[in-house]
Chemist: 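Below you will find the structure I want to go over with you.
Position 1 is the first residue of the sequence; numbering continues from there. First listed ligand is number 1; within each ligand, the first listed atom is number 1.
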Amino acid sequence: MSVLVTGGAGYIGSHMVLALCDAGHDVVVLDNLSTGMSWAVAPQARLIEGDIGDEELTLNIIEEHSVDAIVHFAGSIIVPESMSDPLGYYLNNTVKSRSLIHSAVKAGVPHFIFSSTAAVYGNPKTVPVTEDDDLLPISPYGTSKLMTELMLRDASIAHDLEFVALRYFNVAGADPKGRSGQSTPQATHLIKVACEAALGKRDHLQVFGKDYETRDGTCLRDYIHVSDLVRAHLDALSYLRGGGESQVFNCGYGRGYSVLDVVGAVERAAGLDLDVRDAPRRPGDPAEIIANADRARSVLEWRPRHDDLDLIVASALAWEKHLLSRNS
Ligand code: UDP
């Protein structure tokens, strides 16, 4: 019995593979290495380079490795990129997920865990947002993920497949043992960009919009440490293997930090002032998105351990320093 992790060479996927291997699971990784790095894959896991849209390949992997659970990370994750390339996002995140789900159903894989996103809510009417609130994404990224949730819902009703979709809020930080972290070149996510600026990899940081109706005019996000997010996947795996029914869960801490709060945390961690410049709003950005994660805490018994922005930023900065020394 083994776990197939798609996108296991990417940021969150590589942390999941490390955690699964640490816990003694057999792991096979499928990644096309378009953004992932082969060195980020735990040495105990088997890495297969290929595409989740290749049904012949995924069926073979499932059979050969007796896969009983798929943890599906592979996909495109940048909101502004999805605004300029919607069809690319529907292909990578929706069409190819449909192929993977089809293989899972055909091969009789009973458990499926899906990386969904807070972007499925769009601009929620109230925060913290619960799983039962309206699903009105405002970016093709959010819509592409929501469509996959809906495919899983319908497939799980028709077939012997139970799924958990985890709606991630803003994931940041790195493996506490320093084995992996956010390594993508040309990163766009705030904490990584700010850490790069702190280390001189960029000369300044832009703040996209200071005219939102929030306490300091910048967008509020619920930043969650990658180790806690990975923990939620392990909890979801135990839940499904223990007979749990299909369900959707928010993964966040329930606290909103502004862009300027994050800038302040990075400045504290690095011990310097960043060159911060005002820029226009970025298309597709909701003003405020904060999780109510009561369901994950009660049903999955999820217990986050790194709920601290300074700690998240310090771990992201430590990883950024590591990358700098690797590449020099
Ligand atoms: N952001 C920013 N400057 C940057 C990157 C991001 O002001 O260089 C803002 C962005 O507009 C959003 C928040 O930071 O309000 C979080 O964006 P990120 O891309 O990290 O994650 P998202 O919420 O889009 O998934």
Chemist: Taking atom CG of Leu152 and atom CD of Glu162, what is their separation to the nearest 0.5 Å?
Modeler: 11.0 Å
Chemist: Supply the members, apart from Val95, of the Ile/Leu/Val/Met/Phe/Trp/Tyr cluster built from side-chain contacts under 4.5 Å; use none for a lone residue.
Modeler: Leu91
Chemist: Does a side-chain N-to-carboxylate-O contact under 4.0 Å join Asp68 and Arg241?
Modeler: yes
Chemist: If the threshold is 4.0 Å, N to carboxylate O, is there a salt bridge linking Asp261 and Arg215?
Modeler: yes
Chemist: Taking only Lys NZ, Arg NE, NH1 and NH2, and the carboxylate oxygens of Asp or Glu, determine whether Asp134 and Lys125 approach each other closer than 4.0 Å.
Modeler: yes
Chemist: What does the list of residues with a heavy atom under 4.0 Å from ligand 1 look like, ordered by chain and number?
Modeler: Val79, Asn170, Thr188, His189, Leu190, Val193, Leu205, Gln206, Val207, Phe208, Cys219, Arg221, Tyr223, Val259, Arg282, Asp285
Chemist: Using the six-membered ring wherever Trp is involved, compare the ring planes of Tyr89 and Tyr141 and label them parallel, tilted or perpendicular (cut-offs 30° and 60°).
Modeler: perpendicular
